[in-house]
Amino acid sequence: MGGSVLKVRWLTLLLGVAILAGVASVVIVMRHDQPSSKVAGVGRTTPATPPGSPGPLTPTASAFTDPCGTFDTTTPAPYAVSGYWLVPTADRCTWRRQLQAIHKVGGDTVVRLGFGLSPRQVNYQTGEIKDKNGEGPDTRYATCVEDGVPCVKAAEKDLQAANPGNRITWTYVYRTDEQYGDGIFRCPTMERKIVVGKSVFYRLVAPDDGSDDATCDFSSKGRNYHVIIVSAGAEDSLTELLDLGDQFGIQVFPALPLAPRDPANSTRADPRHIGTLTTLTRRIVQDYGARFADRQSLGGVYQPFELQLRDWPDPSKVQTLTVYAEQHRIVEQELPGKPILISPYIDGRRNQKFTATPKQVAQGFKDLAKTGVEIIAPQDGRGTGKVGLFWPNWKNKQVDDQLKIVNGVGDSTYAAAYYGGTRDYYREMAQAREELASEGVQVQLWANVEAFEPSTPEQSGTPKCGSQVRSRTTKPRLDTQVTLAGPYVSKVISYMWSDFFTCGSPSLSEEIIQDWDRPIAVQAVRQARQIQEGLEVRGYHLASAKLTLSWPGIDTPRVVDSASVGWHDTTPIENLPYGIEKVWIPVDWATVPADVWVRVEVSSPDGRKAAEPVYYKNAG
């Protein structure tokens with residue numbers, strides 16, 4: 001609102017002080033909800049929606065038409081969640097509909113799931129690549145032949161023609177729906193693109209020591225080599241997604257190659273394959289750099305190997321962190337200016353093994369940041385039930401009914417089931433982020449709010465969402481997740497669009513469109529304005545909001561109309577998501593008893609109440 005409005009409302013404020021003494025509440029913000037004044041930005045790049053930025057990318061036009069139809073690129077229902085995981089289908093027209101639907105609800109970021117690098121057994125007599133279990137031929141790669149010779153056998157023939165001492169010691173396969181340019185090749189005399197009918201393959205060859213030797217000297221001495229056979233798309237999906245990103249104003253994060261898993265523990269990356277993983281990563285990101293480095297729609301890359309955040313006694317001995325560091329170093333070298341995004345998970349259940357407290361997770365956050373990632377978007381844990389959505393004053397309440405089926409939770413209180421709530425974990429990670437910044441390590445903290453429930457569709461009585469085994473959640477639950485991630489993150493994204501936001505009638509995305517401008521509060525802080533003390537509430541869609549303040553022992557909740565006596569400010573706030581705004585009301589801080597939790601409810605002018613209030617303790 002402008003300064004002229006301030007003059008008019010200031011008169012109203014002065015006249016209303018005496019009245020508001022009886023209708024306002026004292027809310028003194030606790031230490032853990034102190035507003036942050038620092039910005040922890042990405043070290044080498046600008047994130048999709050950096051804090052304090054003017055907003056998302058701008059679409060190239062308000063609509064476009066192609067053979068799939070006409071597509072609207074406006075954003076009529078901008079929701080608090082602005083990024084989504086996506087699995088593009090084989091139907092390119094479906095991609096357009098997906099991105100149009102995502103952009104309609106304010107999505108400006110899409111994260112692609114990844115494919116894995118896989119070591120394979122080979123019958124070296126025939127060159128036949130076996131399936132992942134080593135039991136029979138892999139039909140996907142059986143069609144890869146060169147002049148009638150299987151690709152692995154042809155690679156062996158070419159290597160031994162260069163020097164009879166050359167040997168293939170490992171063969172790997174990698175599946176993708178992308179295609180690559182010449183940047184994928186380091187040694188074109190030994191590497192090539194192979195087209196067999198509608199199938200496209202790439203044959204990559206590199207020394208088995210992981211050096212990816214640029215001299216391409218295959219003849220001076222015999223060496224051991226690794227061969228990677230890439231099964232690619234008939235067309236390049238990434239080029240098409242980036243083109244659509246330009247048209248819709250969406251940034252795309254394609255996935256890095258997923259590291260092979262340790263056979264002894266599938267939750268860990270296998271360090272034996274670091275050399276080949278970094279070779280493939282180098283080739284792919286080199287090619288990205290050659291073709292897409294200047295594309296704004298390429299937001300960065302996504303690290304798809306999941307890791308649980310915890311406090312490791314010796315991070316240098318954690319296999320997955322070691323693999324991360326090597327892979328991320330390659331990205332930094334070959335694709336400067338594009339950040340690495342990762343989404344680790346949290347497990348805060350007291351009654352399960354290998355879980356972690358908020359402070360332990362914060363230490364894990366620091367260790368992860370030091371592997372070279374620039375955006376960490378921890379999963380909030382509510383969809384899996386590994387973390388609960390509750391405020392500190394709720395800890396002795398019974399857990400949500402949806403959580404009772406979760407192992408280690410059951411029919412218990414939040415305090416008995418969990419070390420802390422979602423807000424506790426994000427608060428500690430935000431503090432860790434600030435400490436890292438003081439050490440010169442820059443990292444963004446985003447939130448990944450899970451758009452599903454612990455239950456299966458059969459248990460919940462809800463429609464099945466494609467191939468997903470869990471049931472989708474509701475918009476009120478999603479609003480609550482946004483509230484409790486609160487003031488500690490600079491962006492909110494969600495796993496995942498396909499199919500949790502698109503199944504059912506109405507679908508979750510349709511629910512958002514119908515109710516996109518319902519208020520969502522994320523924080524309340526004590527804030528003076530001019531000579532008056534007051535309360536500032538931060539959140540989404542707060543214009544002309546009514547605030548209802550209550551606490552234990554009060555007979556009648558206090559209702560304050562911010563449109564009459566308050567102040568609304570849409571100026572972007574440092575280190576908070578784009579779209580967060582402020583509403584302020586004057587408060588007489590002497591009217592609430594000390595040491596009580598104050599409930600702050602927010603309602604829109606048409607009476608719609610935020611799904612979740614914010615709570616603060618009056619320290620007196």
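Every value quoted in this text rests on a predicted model; they were computed, and no experiment measured them.
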Would you find a donor on one side and an acceptor on the other, under 3.5 Å apart, between the side chain of [X] and the backbone of [Y]?
{"X": "Q481", "Y": "E450", "answer": "yes"}
{"X": "T281", "Y": "L277", "answer": "yes"}
{"X": "S199", "Y": "V195", "answer": "no"}
{"X": "E191", "Y": "V205", "answer": "yes"}
{"X": "R112", "Y": "P254", "answer": "no"}
{"X": "R423", "Y": "T483", "answer": "yes"}
{"X": "K132", "Y": "S118", "answer": "no"}
{"X": "Q363", "Y": "W312", "answer": "no"}
{"X": "Q379", "Y": "S343", "answer": "yes"}
{"X": "T176", "Y": "A232", "answer": "no"}

Under a 3.5 Å cutoff, is there a donor and acceptor pairing between the side chains of [X] and [Y]?
{"X": "R427", "Y": "Q431", "value": "no"}
{"X": "S237", "Y": "D177", "value": "yes"}
{"X": "T473", "Y": "E453", "value": "yes"}
{"X": "D479", "Y": "Y79", "value": "yes"}
{"X": "R477", "Y": "T480", "value": "no"}
{"X": "K386", "Y": "Q352", "value": "no"}
{"X": "Q444", "Y": "S490", "value": "yes"}

Problem set entry | side chain to side chain contact (heavy atoms under 4.5 Å, CB included) assessment of K370 paired with L436 | CA-CA 9 Å; K370 292 174 183 178; L436 285 167; 3.9 Å; yes
Identify the two heavy atoms, one from [X] and one from [Y], that lie closest to each other, and give their separation to 0.1 Å.
{"X": "E178", "Y": "Y180", "value": "OE1-CE2, 3.6 Å"}
{"X": "I184", "Y": "L204", "value": "O-CD2, 3.8 Å"}
{"X": "A417", "Y": "V399", "value": "CB-CG1, 4.3 Å"}
{"X": "V409", "Y": "G385", "value": "CG2-O, 4.0 Å"}
{"X": "P150", "Y": "G127", "value": "CB-O, 3.8 Å"}
{"X": "L341", "Y": "A377", "value": "CD1-CB, 4.0 Å"}

Spacing of [atom1] belonging to [X] relative to [atom2] belonging to [Y], to within rounding of 0.5 Å:
{"X": "T143", "Y": "I194", "atom1": "OG1", "atom2": "CD1", "answer": "10.0 Å"}
{"X": "D270", "Y": "N265", "atom1": "CG", "atom2": "CG", "answer": "10.5 Å"}
{"X": "I375", "Y": "F253", "atom1": "CD1", "atom2": "CZ", "answer": "4.0 Å"}
{"X": "I229", "Y": "Y141", "atom1": "CD1", "atom2": "OH", "answer": "9.0 Å"}
{"X": "I228", "Y": "F201", "atom1": "CD1", "atom2": "CZ", "answer": "15.0 Å"}
{"X": "D246", "Y": "Q251", "atom1": "CG", "atom2": "CD", "answer": "10.0 Å"}

Heavy-atom neighbours of [X] [atom1] exceed 12 at 6.0 Å:
{"X": "N133", "atom1": "CG", "value": "yes"}
{"X": "N123", "atom1": "CG", "value": "yes"}
{"X": "R175", "atom1": "CZ", "value": "no"}
{"X": "Q308", "atom1": "CD", "value": "yes"}

Exercise. Between K491 and T109, is a side chain to side chain contact (heavy atoms under 4.5 Å, CB included) present by the stated rule, with each step listed?
Worked result: CA-CA 10 Å; K491 189 176 180 69; T109 303; 3.1 Å; yes
With the side chain counted from C-beta on, respond yes when [X] and [Y] share a heavy-atom pair under 4.5 Å apart, and no when they do not.
{"X": "R382", "Y": "L403", "result": "yes"}
{"X": "I405", "Y": "S455", "result": "yes"}
{"X": "L445", "Y": "P378", "result": "yes"}
{"X": "D424", "Y": "Y418", "result": "no"}
{"X": "Y578", "Y": "D108", "result": "no"}
{"X": "L309", "Y": "Y425", "result": "no"}
{"X": "S316", "Y": "T322", "result": "no"}
{"X": "T320", "Y": "V323", "result": "no"}

For this session: Verify salt bridge (Lys or Arg N to Asp or Glu O under 4.0 Å) between R167 and E156, making sure each step is shown before the conclusion.
Result: CA-CA 7 Å; R167 295 286 184 272; E156 181 183 50; over 6 Å; no
Exercise. Given V449 and T422, is the side chain to side chain contact (heavy atoms under 4.5 Å, CB included) satisfied, shown in steps?
Worked result: CA-CA 10 Å; V449 294; T422 295; over 6 Å; no
Problem set entry | Verdict with reasoning, D262 to Q319, per side-chain hydrogen bond (donor to acceptor under 3.5 Å, both in side chains) | CA-CA 9 Å; D262 187 337; Q319 293 176 194; 3.1 Å; yes
Exercise. Does R310 have any side chain to side chain donor-acceptor pair (under 3.5 Å) partners at least two apart in sequence or in another chain, and if so, which?
Worked result: none
Exercise. Under 30°, 30 to 60°, or over 60°: which ring-plane class applies to Y202 and F185, parallel, tilted or perpendicular?
Worked result: tilted
For this session: Report the relative orientation of the aromatic rings in W170 and H226; use parallel for angles under 30°, tilted for 30 to 60°, perpendicular for over 60°.
Result: perpendicular
For this session: Taking only Lys NZ, Arg NE, NH1 and NH2, and the carboxylate oxygens of Asp or Glu, determine whether R96 and E240 approach each other closer than 4.0 Å.
Result: yes
Exercise. Run the side-chain hydrogen bond (donor to acceptor under 3.5 Å, both in side chains) check on D209 and S211 step by step: do they pass?
Worked result: CA-CA 6 Å; D209 60 5; S211 63; 2.7 Å; yes
Problem set entry | side chain to side chain contact (heavy atoms under 4.5 Å, CB included) partner of Y419, the single match among R350, K359, Q360 | R350
For this session: Please assess E332 against R329 for the test salt bridge (Lys or Arg N to Asp or Glu O under 4.0 Å), listing each intermediate value before the final yes or no.
Result: CA-CA 5 Å; E332 183 175 0; R329 178 176 56 83; over 6 Å; no
Problem set entry | For W497, the option from Y495, F501, F500 that meets ring pair (Phe, Tyr, Trp, His ring centres under 6.0 Å) | F501
Exercise. Going through the checks in order, is the side chain to side chain contact (heavy atoms under 4.5 Å, CB included) test met by V406 and R349?
Worked result: CA-CA 10 Å; V406 176; R349 293 173 292 176; 3.8 Å; yes
